[in-house]
Amino acid sequence: MTNLEIAKLLRQISAAYEVKNEGPLRREASRFRIRAYDNAADSIEHSTSEVKDLWEQGHLEDIHGVGASLAGHLDELFKTGKITHFEQVTKNLPNGMFELLDVQGIGPKTAYKLSQEFKLDNPKTALKKLQQAAVSGKIRKLENFGQESEKDILQALQSFKVKDTRVLLPTATSIAEDVIKYMQQCPDALSVDMLGSLRRRAATIGDVDIAVASTQSQQVINHFTKYPHIRQILAQGKNTARFIHKQGGVQVDIKTQTPDKYGALLQHFTGSKNHNVHLREIAIQKGLSLSEYGIKKGDSLIKFSNEEVFYKALGMQWIPPELREDAGEIEAALKHQLPKLIEPTDIKGDLHTHTNYDWISSHDRGTDSLEAMAKQAIELGYEYIALGDHNPSISSYTKTKIVSEISKRSEQIDHLKSTSGINILKTLEIDIQTDGKLSVPDAGLEQLDFAIISIHSVMSLSKNDMTKRVLAAFSHPKAKILGHPTGRLLGKREGYELDWDQVFEFCAKHNKFLEINAQPSRLDLPDILVRDAIKAGVKLVIDTDAHNAASLQLMRFGVDVARRGWATKADIVNTLSWEDFSATIKI
DNA sequence: GCCGTTTTCGGCCCGACTGTTTTCAGTCG
């Protein structure tokens with residue numbers, strides 16, 4: 001079971017309790033139990049480590065929000081595939097109601113009422129039957145429903161079908177940047193910023209949230225709702241509004257605030273939720289109360305035009321949004337010991353690239369020439385670039401032929417080196433075979449400055465075998481970088497399993513580097529492992545894995561991951577000057 | 001049901017928006 005499935009199950013239990021939460025006496029106790037299930041679901045959904053892994057290691061209660069009771073339930077789930085207690089809780093409820101919870105605007109109570117009225121007992125047909133009821137005008141006749149709510153449900157059902165669950169960070173970024181550019185054209189918009197998980201630069205984004213500072217809120221909202229790429233407006237109030245973007249059905253929210261209170265708005269809606277809850281606990285201890293408007297002390301409200309003064313008022317350093325996950329950043333900020341995070345401008349070169357060099361390659365070739373890649377690197381202001389490709393296919397070439405192909409390519413790069421005006425390194429991304437051997441013979445490896453080694457096949461090995469496989473390949477002196485170390489593809493594939501403690505120890509000891517791959521669907525290493533690696537003394541590289549010249553610009557998303565993993569400039573090898581880098585890579 | 005540099009008991013963040021209401025419940029973030 002994946003984290004997402006477990007989170008969904010917990011939310012179903014929460015919804016079941018919500019519906020059953022009747023009678024004034026039971027209400028208080030249950031309210032907090034409901035919240036506890038939701039909190040646990042949030043934690044699990046946002047956890048970068050797999051809950052199942054934690055269970056195997058006996059560390060379920062390390063998850064914030066999972067205590068003895070839930071750990072027991074999860075243990076039963078992993079052992080037997082079901083949870084008896086949960087089955088009892090959901091027993092007398094219509095089965096179809098839980099499907100309805102995924103529809104925008106339908107919560108537990110509404111889902112229950114609708115599934116009760118329309119006898120939605122079958123989860124598979126529940127959404128379809130609900131749509132039929134809406135189309136035939138039956139919903140508006142129910143008590144506490146009307147024409148508007150029927151229309152809303154119908155619209156939500158229609159956009160539900162096209163809405164992807166979460167979008168990748170670069171997609172959300174480009175949507176947000178376009179909306180921001182549009183909002184900046186509004187004369188009443190004094191500042192425009194990203195909010196939420198987007199501002200925290202998380203790998204996947206639910207909604208795009210935007211903040212605007214203005215004294216003319218209504219004008220800003222009016223401008224917002226005239227954005228040209230709206231599929232549907234969901235809400236429009238005095239200070240906030242929300243629409244569904246034509247692209248991917250992404251929901252875009254806007255919040256406005258006057259400039260004197262703008263800092264509190266930014267802080268509040270950047271989150272994360274857990275970060276804010278922790279901040280409020282600290283505030284309560286000081287007799288203060290936090291909100292999106294500022295800090296309340298008794299009856300008076302202290303206003304903040306920017307975040308720096310907001311955090312200062314709580315006795316701490318300003319915390320970069322990427323760190324706001326309640327993962328120790330508040331404690332560090334109180335002690336004024338936050339790290340100075342790496343900046344995009346610290347990057348001096350890209351080490352993982354692909355070109356259209358003409359050979360039968362083991363995987364997809366790039367689309368731009370060696371020259372074009374080097375030229376783009378110069379434009380980005382880099383001091384060096386490693387020109388790579390996948391190794392020649394071992395099923396199409398003999399070993400001898402592979403070596404001679406690499407020789408030919410090396411000659412071409414050497415020629416380019418003398419004319420290009422940038423330092424160029426010769427490299428390849430080399431497949432790690434199932435037995436840990438590299439797919440290029442030693443005589444071929446000798447001609448490279450270094451090799452990136454990656455797993456592209458047979459990902460189902462056990463954790464132990466996979467670790468042996470990687471470390472065997474990594475032992476070759478030319479193997480310096482492990483490419484996309486977990487092999488995950490966001491929203492498509494979980495990564496394979498590795499014994500990270502062992503990998504980290506090996507890298508730290510032998511001067512090997514782990515990659516933060518900036519491809520949108522990879523962002524691999526994931527942020528949490530970045531932080532663990534750094535704690536273990538491992539050095540990392542940030543690479544784009546670009547298959548064309550334009551993709552070299554994806555670097556910023558890799559830097560985002562590094563920052564979320566608390567990385568400083570010193571932790572990232574390709575922030576080194578050419579002189580220091582070339583010395584390091586040849587060790 | 002979870003959690004702990006004031007607590008193993010007694011707390012648990014705060015507010016906007018909408019629709020169907022004549023003052024509020026449900027949903028969302």
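Letters go in sequence order (proteins before strands), and every chain restarts at 1.
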Got a list of protein N/O to nucleotides 3-5 of chain B N/O distances below 3.5 Å?
{"from": "B/dC3", "atom 1": "OP1", "to": "A/G65", "atom 2": "N", "distance (Å)": "2.6"}

What's touching nucleotides 17-22 of chain B from the protein side, N or O pairs under 3.5 Å?
{"from": "B/dC17", "atom 1": "OP1", "to": "A/K238", "atom 2": "N", "distance (Å)": "3.4"}
{"from": "B/dC17", "atom 1": "OP1", "to": "A/N239", "atom 2": "N", "distance (Å)": "3.1"}
{"from": "B/dC17", "atom 1": "OP1", "to": "A/T240", "atom 2": "N", "distance (Å)": "3.3"}
{"from": "B/dC17", "atom 1": "OP1", "to": "A/T240", "atom 2": "OG1", "distance (Å)": "3.4"}
{"from": "B/dT18", "atom 1": "OP1", "to": "A/Q236", "atom 2": "N", "distance (Å)": "2.7"}
{"from": "B/dT18", "atom 1": "OP1", "to": "A/Q236", "atom 2": "O", "distance (Å)": "3.0"}
{"from": "B/dG19", "atom 1": "OP1", "to": "A/E148", "atom 2": "OE1", "distance (Å)": "3.4"}
{"from": "B/dT20", "atom 1": "OP1", "to": "A/G146", "atom 2": "N", "distance (Å)": "2.4"}
{"from": "B/dT20", "atom 1": "OP1", "to": "A/G146", "atom 2": "O", "distance (Å)": "3.3"}
{"from": "B/dT20", "atom 1": "OP1", "to": "A/S149", "atom 2": "N", "distance (Å)": "3.4"}
{"from": "B/dT20", "atom 1": "OP1", "to": "A/S149", "atom 2": "OG", "distance (Å)": "2.8"}

Practice prompt. Answer yes or no: is there an ion pair linking A/E117 with A/K138, defined by an N-O contact shorter than 4.0 Å?
Written response: no
Practice prompt. Would you mind telling me which of A/Q337, A/M316, A/H278 makes a side chain to side chain contact (heavy atoms under 4.5 Å, CB included) with A/E331?
Written response: A/H278
Fill in: Residue matched to B/dC28 through Watson-Crick or wobble contacts both under 3.5 angstrom
B/dG15
Worksheet entry | C1' spacing across the pair B/dG26 / B/dT21, given as an integer number of angstrom | 13 Å
Hey, what are the protein-to-nucleotides 25-29 of chain B N/O distances that come in under 3.5 Å?
{"from": "B/dG26", "atom 1": "OP2", "to": "A/K109", "atom 2": "NZ", "distance (Å)": "3.2"}
{"from": "B/dG26", "atom 1": "O3'", "to": "A/T110", "atom 2": "OG1", "distance (Å)": "3.2"}
{"from": "B/dT27", "atom 1": "OP1", "to": "A/G107", "atom 2": "N", "distance (Å)": "2.7"}
{"from": "B/dT27", "atom 1": "OP1", "to": "A/G107", "atom 2": "O", "distance (Å)": "2.9"}
{"from": "B/dT27", "atom 1": "OP1", "to": "A/T110", "atom 2": "N", "distance (Å)": "2.9"}
{"from": "B/dT27", "atom 1": "OP1", "to": "A/T110", "atom 2": "OG1", "distance (Å)": "2.5"}
{"from": "B/dT27", "atom 1": "OP2", "to": "A/K109", "atom 2": "N", "distance (Å)": "3.4"}
{"from": "B/dT27", "atom 1": "O5'", "to": "A/G107", "atom 2": "N", "distance (Å)": "3.4"}
{"from": "B/dC28", "atom 1": "OP1", "to": "A/G105", "atom 2": "N", "distance (Å)": "2.8"}
{"from": "B/dG29", "atom 1": "OP1", "to": "A/D207", "atom 2": "OD2", "distance (Å)": "2.9"}
{"from": "B/dG29", "atom 1": "OP1", "to": "A/Q251", "atom 2": "NE2", "distance (Å)": "3.4"}

Item to complete: Whole angstrom is fine here: how far is it from OH in A/Y17 over to P in B/dC2?
Response: 10 Å
Discussion item. If you assign each of A/H85 and A/Y293 to its closest nucleotide in DNA chain B, which residue comes earlier from the 5' end?
Written reply: A/H85
Item to complete: May I ask you to check whether A/Y182 and A/H223 place their ring centers less than 6.0 Å from one another?
Response: yes
Practice prompt. Ignoring hydrogens and angles, state whether a donor on the side chain of A/E76 or A/T84 is under 3.5 Å from an acceptor on the partner side chain.
Written response: yes
Worksheet item: Within the structure, does a side-chain N or O atom of A/S289 lie under 4.0 Å from either OP1 or OP2 of B/dC13?
Response: no
Worksheet item: Given B/dC13, is OP1 or OP2 found less than 4.0 Å from the side-chain N or O atoms of A/R280?
Response: no
Practice prompt. Report yes or no: does A/R488 contribute a side-chain atom to a donor-acceptor pair with the main-chain N or O of A/R522 at less than 3.5 Å?
Written response: yes
Fill in: For the student: nearest non-hydrogen atoms of A/A518 and A/F557, plus distance
O-CB, 4.2 Å
Item to complete: In whole angstrom, give the distance that lies between atom CG of A/L265 and atom P of B/dC14.
Response: 17 Å
Worksheet item: Do A/R200 and A/E329 meet the salt-bridge criterion of a basic N to acidic O distance under 4.0 Å?
Response: no
Worksheet item: Are the side chain of A/R564 and the backbone of A/I528 linked by a donor-acceptor contact shorter than 3.5 Å?
Response: no
Worksheet, complete the sentence: Taken to the nearest 0.5 Å, the spacing of A/M183 CE from A/Y227 OH works out to 11.0 Å
Discussion item. Any carboxylate oxygen within less than 4.0 angstrom of a Lys/Arg side-chain nitrogen, looking at A/D527 and A/R531?
Written reply: no
Discussion item. Under a 3.5 Å distance rule, please check whether A/Q12 uses its side chain to pair with a backbone N or O of A/F98 as donor and acceptor.
Written reply: no
